[in-house]
Amino acid sequence: MKEIDIRQTTIDGMAKTAIRLSDKDAQIPTHMLQGEKMKGVLFKDGEAQDWYYDGLTQIDGGRYFYFDTLELSCLDTLFTTHRSHALEIVRNIALALESTSPTFTSLETGIFPLRRIYISGEQDVLLLPPDIGDLMSVYMSDQERQEDVNILIKGSVESGYTLIMEMAELLYYAATGFFPFEDENTRRNKYREYPIENALGALDETLDEKTQGFINVCLHAKTQQMRDIMGNRSPEKALKWFIQHSLTLNWDLKDRNSLQERNKITESLEYMDWETKTARNAARANFWRKKGTPIIISAVAAIVVIWILTDYLKNILAPPTTKDMDQEEIVAAFYAAQNELNATELTTAVKGAKIPQENEVTNLFVSSRVREAYEMQSPIVNAKEWVEEGKPAIEAGRSIYGVSDYALERIDEDTIYATFTLYTPYPYGDMGEEEVSEDDLNVYAYRYTITQSFDFTWNDRGWWNITGSEFMDIVYEGREIVQTFQKEASM
């Protein structure tokens, strides 16, 4: 954690406490000082109270904000002078946060910034207001801001569970002197932190097994466990679960003289062995993250192509799945296969003919399956289902493709014309190539009315084959803006 300068001073003859913001020459964004001051929270004697700072001042070449006198300590003292009361302090932090609203916590990153949390007295807590927290962030370097987040954030965490995990990380810090996911190699190695029991062993201490278990459960809860714990509550209200369970825990760790005592942990042979293994696993994971993806995608693409060719060869020898269908049913199966990007079923009844959609559906099938293998979700939304559901918003990064409806016209015994509406994520040829600026981030569905002919032949083996097909007419109907939404991050 970044070292913070806290001073006791006198302003206009009144005793005040001041916290450093920046050098005196640093420019303050004036818009951040306009309007009514935001309130903080002082959790004192078991109650949450509104708290306000008085103003800004300069002390010894620095710019500080000041307020009525408080005996404040930074959070790093959780491992030193406040370690024996760490459980009560962290519970009070949770109680203070529980009393606030989402606008106070402002969890853009999924965590509550540590720079806004201070210990008051023995175990009371001060939470700074959002406006002061934002000012402090302005004067941090990009690296400091990044580290401020990285030491706490964890992938695959439900958004409503973030504060519960943060409280557990503070308890882990109080026990060990460092955060569980503070080291980059730990984060790359599937967030496998150094076990608390091993760390305490290096300090010749032990912690109640139930308390250790509680911290471990909070840090590594499965997705469904997180959802069961937080319910439909916002992150600050979900802290009620943490508060209730922390009341049953025992905390019997003693105060430490300085942060340097954590070196007894990091310099132990057991820790160094763990660190070496973690670094090795992280390097392997990093290789696959950077170079493995193209390898995997290439392998998946090859498998998909082989799959298509194998199915194609099987299709030549085996009867088509449409062998018991009449001509109208074959056309219906044809468009269903197009919507499903099923290249095999699209051509199952085709013999000796080239279908206009064949290359398009095959290309979309391959590209979508490759992306699906990497992203665990198809990037293509079925146009028929999308239209039937009232054209709802789709997840950003996906697009619309397929036939939404069709009408058949019997021309003669062996010929049918089908007129249908086709939605595509791109224009056909030069039809619909409207200018799109570089700043246009909209997702479009290009809509066409197409008439397609189907020629059928009854073969000697006893079923209908499509022996000819072409687009008779294509009319561009315009493009529609598709509403999108961002999928919530699971940190």
Side-chain angles (χ1 to χ4, degrees), residues 1-30 32-86 88-97 99-100 104-106 112-140 144-145 148 170 173-174 255-259:
M1 285 181 282
K2 181 182 178 182
E3 185 176 351
I4 298 176
D5 183 3
I6 303 173
R7 298 197 180 195
Q8 304 300 329
T9 187
T10 301
I11 298 177
D12 296 331
M14 302 289 291
K16 299 290 180 180
T17 300
I19 298 178
R20 184 184 174 91
L21 279 173
S22 67
D23 295 336
K24 67 176 182 180
D25 296 329
Q27 185 176 0
I28 291 183
T30 55
M32 299 184 75
L33 300 177
Q34 296 173 349
E36 185 177 352
K37 292 177 183 175
M38 296 182 180
K39 66 181 178 181
V41 176
L42 177 61
F43 193 86
K44 185 177 181 180
D45 300 328
E47 293 185 359
Q49 308 171 15
D50 292 348
W51 178 92
Y52 296 89
Y53 70 97
D54 294 340
L56 303 181
T57 188
Q58 291 186 16
I59 304 174
D60 295 339
R63 183 177 282 112
Y64 292 69
F65 66 96
Y66 64 92
F67 41 90
D68 290 343
T69 301
L70 287 173
E71 182 187 344
L72 294 185
S73 302
C74 297
L75 272 182
D76 57 13
T77 60
L78 278 177
F79 180 71
T80 56
T81 57
H82 288 90
R83 190 165 180 253
S84 59
H85 297 289
E88 293 85 353
I89 292 169
V90 174
R91 185 188 302 119
N92 286 343
I93 293 172
L95 286 164
L97 285 169
S99 72
T100 66
F104 180 86
T105 51
S106 186
F112 188 79
L114 297 180
R115 61 181 175 274
R116 289 175 58 187
I117 307 175
Y118 293 82
I119 302 169
S120 176
E122 189 173 83
Q123 58 188 48
D124 292 335
V125 171
L126 172 66
L127 304 182
L128 298 181
D131 53 353
I132 285 294
D134 291 341
L135 268 178
M136 298 176 82
S137 179
V138 166
Y139 299 118
M140 297 172 68
E144 287 172 336
R145 273 191 294 271
D148 210 33
L170 287 172
Y173 177 87
D255 292 341
R256 289 281 165 178
N257 294 324
S258 74
L259 282 172

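For the numbers below, each heavy atom of this structure counts, side chains included, while hydrogens, waters and symmetry mates do not.
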Self-check item: By side chain to side chain contact (heavy atoms under 4.5 Å, CB included) - contacts of T100 (at least two apart)
Solution: V41, F104, T105, E236
Practice problem: Sequence neighbours left out, what passes ring pair (Phe, Tyr, Trp, His ring centres under 6.0 Å) with F67? Give chain and number order. | Solution: W51, F65
If I take atom [atom1] from residue [X] and atom [atom2] from residue [Y], how far apart are they, to the nearest 0.5 angstrom?
X	Y	atom1	atom2	answer
L135	L21	CG	CG	5.5 Å
I59	T9	CD1	OG1	4.0 Å
R63	T57	CZ	OG1	10.0 Å
F43	L97	CZ	CG	10.5 Å
S73	E122	OG	CD	11.0 Å
L78	I117	CG	CD1	9.0 Å

Validation row: [X], [Y] side chains within 4.5 angstrom (heavy atoms):
X	Y	result
L127	R116	no
T80	N257	no
M136	L128	yes

Just to verify, what does [X] make a side-chain hydrogen bond (donor to acceptor under 3.5 Å, both in side chains) with, not counting sequence neighbours?
X	answer
R115	D148
S258	none
D5	R7, Y64

Quiz prompt | Stepwise side chain to side chain contact (heavy atoms under 4.5 Å, CB included) test for L170 and L114 | solution = CA-CA 10 Å; L170 287 172; L114 297 180; 4.1 Å; yes
Backbone N or O of [Y] within a donor-acceptor pair of the [X] side chain at under 3.5 Å?
X	Y	value
D131	M38	yes
H82	D76	no
R83	A174	yes
K44	Q49	no
D255	S84	yes

Practice problem: For P129 and G40, work out which heavy atoms get closest and say how close. | Solution: CB-N, 3.8 Å
Just distance, no hydrogens or angles: give the donor-acceptor pairs under 3.5 Å from side chains in residues 11-18, sequence neighbours left out.
{"from": "K16", "atom 1": "NZ", "to": "D54", "atom 2": "OD2", "distance (Å)": "2.7"}
{"from": "K16", "atom 1": "NZ", "to": "D68", "atom 2": "OD1", "distance (Å)": "2.8"}
{"from": "T17", "atom 1": "OG1", "to": "Q8", "atom 2": "OE1", "distance (Å)": "2.8"}
{"from": "T17", "atom 1": "OG1", "to": "Q8", "atom 2": "NE2", "distance (Å)": "3.4"}
{"from": "T17", "atom 1": "OG1", "to": "L70", "atom 2": "N", "distance (Å)": "2.9"}
{"from": "T17", "atom 1": "OG1", "to": "L70", "atom 2": "O", "distance (Å)": "3.1"}

Quiz prompt | Steps toward side chain to side chain contact (heavy atoms under 4.5 Å, CB included) verdict (I93, F112) | solution = CA-CA 11 Å; I93 293 172; F112 188 79; over 6 Å; no
Practice problem: Can you establish whether the number of heavy atoms outside E71 located under 6.0 Å from its atom CD is more than 12? | Solution: no
Quiz item: side chain to side chain contact (heavy atoms under 4.5 Å, CB included) between Y173 and L75: does it pass, once the steps are laid out?
Solution: CA-CA 10 Å; Y173 177 87; L75 272 182; over 6 Å; no
